[in-house]
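Here the structure comes first, spelled out in structure tokens, and everything after it is commentary.
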Amino acid sequence: MDKHQLIYEILLIGDSGNVKRKQPDELLELMKAHLPSSKDSAVIFLGDNVYPKGLPAEDDVLREDAETVIINHHKALADYNGKVIFISGNHDWNKGKEDGIEYVLRQEHYINKLFNNNETYLPANGCPGPKEVIINDQLVIVAINTQWWVQKGFRPIGKHEGCDIENENDFFTHLEEILERNKNKRILVIGHYPIYSNSLHGGKYSLKHHLFPFTLYKKKAFLPLPLVGSLLPLYRKFFGAREDLSHPRFKVLRKKLKVIFKKYPGLIYAAGHEHNLQFIEKYQNNFIVSGAASKATYVVDSKHSRFGISAKGFFKLKFYDDLKVKAEVLIVDENNVAGELIYEGWMF
């Protein structure tokens with residue numbers, strides 16, 4: 001039994017958009033088995049809530065399937081009394097295509113209506129954020145929209161679009177103001193794209209990807225291209241597709257966030273995007289990747305890695321009255337609906 005008094009729990013579930021449609025999904029069942037009974041808790045979905053391209057228009061052939069995914073999330077939380085938060089990922093923006101804003105606004109409206117709460121989907125209106133959510137006198141959540149930074153086509157900004165900031169510099173000013181006034185609390189920042197990652201989008205590739213580069217996109221695309229095949233993973237590592245951490249636009253956000261976060265030791269940044277589970281501790285900050293709700297991809301070790309695994313599951317954070325935070329990792333176990341607790345450790 002924990003000797004500290006538990007005051008809040010958060011489940012971090014990323015990339016859940018490919019859960020099973022017509023039968024019970026093992027990840028959602030695992031989530032249900034670990035839903036906190038107290039209302040002093042939250043379930044946060046870290047983007048890519050609907051595969052393959054978010055919520056299409058009502059006349060689209062994929063609309064019914066997309067609605068089923070969202071409804072299955074809602075059903076899994078039917079008996080839950082805590083806070084529910086969704087943020088958007090690249091798939092929710094129609095995989096970053098120019099009409100992505102239409103998809104994300106449809107999803108926001110649909111989810112807010114389904115959960116009967118206009119602050120379920122954050123940040124609102126497809127804005128970049130940051131959105132401050134005060135939980136109690138010891139914890140604050142800050143939602144940011146990482147896809148906004150790399151999105152093609154229209155990206156809302158300014159009060160005339162329902163956003164709190166007028167330009168990109170204003171975003172960082174506003175973020176620092178939020179962090180500064182909450183510096184004596186535990187701070188949890190949530191965004192879809194990670195800041196650090198020991199996997200594909202972080203530029204960490206295996207020998208397989210150099211020999212069979214098309215497996216980056218299709219798991220069984222074993223067309224051998226030795227030597228020449230290395231060009232694709234090397235390009236993505238140093239220049240980056242729009243979904244990679246090395247993409248020039250995301251680098252602007254990532255570089256400035258790292259500088260700001262260093263000023264607030266103990267800050268937690270949680271993301272999805274990579275389909276695995278990672279805990280990285282760097283510069284006195286805690287970086288969580290919890291994007292393994294639908295599938296699992298490989299992850300490598302690194303100097304700053306506290307934990308990493310390729311398995312379907314999620315992180316649970318436990319916040320205590322002395323500002324201590326414990327991270328737990330729960331993964332799917334075919335023989336046990338409650339899964340397996342595979343890691344637990346205190347955060348910086």
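All residue numbers refer to positions in the sequence shown, counting from 1.
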Do Val325 and Tyr343 sit in one hydrophobic cluster, given that two such residues count as connected whenever their side-chain heavy atoms are within less than 4.5 Å of each other, even indirectly?
yes
Between Gly54 and Ala66 the two heavy atoms that sit nearest each other are O-CB, 3.7 Å
Hey, does Ile309 have a side-chain heavy atom less than 4.5 Å from the side chain of Asn276?
no
Pairs meeting criterion salt bridge (Lys or Arg N to Asp or Glu O under 4.0 Å) with involvement of residues 123-148, two or more places apart
Glu119-Lys131, Glu132-Arg181
Applying ring-ring contact (aromatic ring centres under 6.0 Å, His included), name anything that partners His109, two or more places apart in sequence or on another chain.
none
Expected output: side-chain Ser305 to main-chain Asp301 donor-acceptor under 3.5 Å
no
What disulfide (SG to SG under 2.5 Å) pairs are there with at least one residue in residues 53-147, not counting sequence neighbours?
Cys127-Cys163
Could you check Lys256 against Lys251 for side-chain contact (heavy atoms from CB on, under 4.5 Å), going step by step and ending with a plain yes or no?
CA-CA 8 Å; Lys256 291 190 176 183; Lys251 275 175 147 178; over 6 Å; no
Stepwise, does the side-chain contact (heavy atoms from CB on, under 4.5 Å) test hold for Val189 with Phe261?
CA-CA 10 Å; Val189 181; Phe261 289 171; 4.1 Å; yes
What's the separation between atom CZ in Phe315 and atom CG in Leu330, rounded to the nearest 0.5 Å?
10.0 Å
Is His73 reaching over with its side chain to a backbone N or O of Val69, donor-acceptor style, under 3.5 angstrom?
yes
I need the minimum non-hydrogen distance between Asn125 and Ile101, along with the two atoms involved.
O-CD1, 4.3 Å
Using atom types as modelled and distance alone, determine if a side-chain donor or acceptor of Gln151 lies under 3.5 Å from a backbone N or O of Lys97.
yes
Answer yes if the side chains of Ser88 and Gln147 hold a donor-acceptor pair under 3.5 Å, and no otherwise.
no
How long is the straight-line distance from CG of Leu122 back to CD1 of Ile87, given to the nearest 0.5 Å?
9.0 Å
Closest non-hydrogen contact found for Pro130 with Ile178 is CG-CD1, 3.8 Å
With distance as the sole test, does Ser290 use its side chain to make a donor-acceptor pair with the main-chain N or O of Gly14 at under 3.5 Å?
no
Does Phe250 form a ring pair (Phe, Tyr, Trp, His ring centres under 6.0 Å) with Tyr193? I'd like the steps, not just the answer.
CA-CA 9 Å; Phe250 186 69; Tyr193 283 31; 5.2 Å; yes
Closest approach of Ile13 and Ala293, non-hydrogen atoms and distance?
CG2-CB, 3.8 Å
For residues 23-42, pull every pair meeting ring pair (Phe, Tyr, Trp, His ring centres under 6.0 Å), keeping only residues two or more places apart or in separate chains.
none
What about the rings of Phe115 and Tyr121, do their centers lie closer together than 6.0 Å?
no
Is there a path of hydrophobic side-chain contacts, each under 4.5 Å between heavy atoms, that joins Phe287 and Tyr283?
yes
Are Trp149 and Phe172 close enough that their ring centres sit under 6.0 Å apart?
yes
Asp92 side chain to Val50 main-chain N or O, any donor-acceptor pair under 3.5 Å?
yes
Taking 4.0 angstrom as the limit, do Lys263 and Glu180 come out as a salt bridge?
no
Consider salt bridge (charged side-chain N to carboxylate O under 4.0 Å, His left out). Of Lys316, Lys326, Lys318, which one does Glu344 pass it with?
Lys326
So, Asn118 versus Asn112: side-chain donor-acceptor pair below 3.5 Å or not?
no
Under 4.5 Å between any side-chain heavy atoms of Tyr269 and Ile144, yes or no?
yes
Electrostatic pair Arg306:Glu281 at N-O distance under 4.0 angstrom:
yes
Distance check, rounded to the nearest 0.5 Å: Met347 atom CE versus Asn285 atom CG?
10.5 Å
Which atom of Asn184 lies closest to which atom of Leu323, heavy atoms considered
O-CD1, 3.8 Å
One should read off an interatomic distance between Leu139 CG and Ile187 CD1, to the nearest 0.5 angstrom, of 9.5 Å
For the residue pair Asp15 and Ser294, confirm or rule out a side-chain donor-acceptor distance under 3.5 Å.
no
Let me check something: do Leu188 and Ile85 share a hydrophobic cluster, defined by ILVMFWY side-chain heavy atoms less than 4.5 Å apart, either directly or through other members?
yes
Above 12 or not: heavy atoms from other molecules or residues under 6.0 Å from CD of Glu161?
yes
If you round to the nearest 0.5 Å, how far is CG of Leu114 from CG of Asn116?
9.5 Å
Are Trp148 and His192 an aromatic pair by the rule of ring centers under 6.0 Å?
no
Start with the C-alpha gap between Asn182 and Tyr264, add the side-chain angles, then the distance that decides, and say whether side-chain contact (heavy atoms from CB on, under 4.5 Å) holds.
CA-CA 10 Å; Asn182 290 286; Tyr264 301 93; over 6 Å; no
Expected list for residues 36-43: side-chain donor-acceptor pairs under 3.5 angstrom, two or more places apart:
residue	atom	partner	partner atom	Å
Ser38	OG	Asp40	N	2.9
Ser41	OG	Ser38	O	2.7
Ser41	OG	Tyr80	OH	2.8

Looking only at heavy atoms, the pair that brings Pro265 and Phe348 closest together is CB-CE2, 3.9 Å
Sequence neighbours excluded - salt bridge (Lys or Arg N to Asp or Glu O under 4.0 Å) pairs with any residue from residues 17-36:
Lys20-Glu26, Arg21-Asp65, Glu26-Lys312, Glu29-Lys32
Look up atom CG in Leu179 and atom NZ in Lys185, then write down how far apart they are to the nearest 0.5 Å.
12.0 Å
Ion pair check, Lys53 and Asp99, cut-off under 4.0 Å
no
Between Ser197 and Gln278: side-chain donor-acceptor atoms closer than 3.5 Å
yes
Is there a donor-acceptor pair closer than 3.5 Å between any side-chain N or O of His91 and the backbone N or O of Pro52?
yes
May I ask you to decide if Gln138's main-chain N or O and Arg186's side chain share a donor-acceptor pair within less than 3.5 Å?
no
Any heavy-atom pair between the side chains of Trp93 and Asn145 that's under 4.5 Å?
yes
Look at the side-chain heavy atoms of Ile, Leu, Val, Met, Phe, Trp and Tyr, link any pair under 4.5 Å apart, and say whether Met31 and Leu317 land in one connected group.
no
Does Asn94 use its side chain to pair, donor to acceptor, with the backbone of Gly96 at less than 3.5 Å?
no
Tell me whether Ile7 shares a hydrophobic cluster with Leu12, the cluster being built from Ile, Leu, Val, Met, Phe, Trp, Tyr side chains joined at under 4.5 Å.
yes
Can you establish whether the number of heavy atoms outside Asn167 located under 6.0 Å from its atom CG is more than 12?
yes
Please determine, by modelled atom types, if Arg254 and Tyr196 share a side-chain donor-acceptor pair under 3.5 angstrom.
no
Check the pair Phe314 / Leu30 against side-chain contact (heavy atoms from CB on, under 4.5 Å), numbers first and verdict last.
CA-CA 9 Å; Phe314 57 82; Leu30 178 65; 3.6 Å; yes
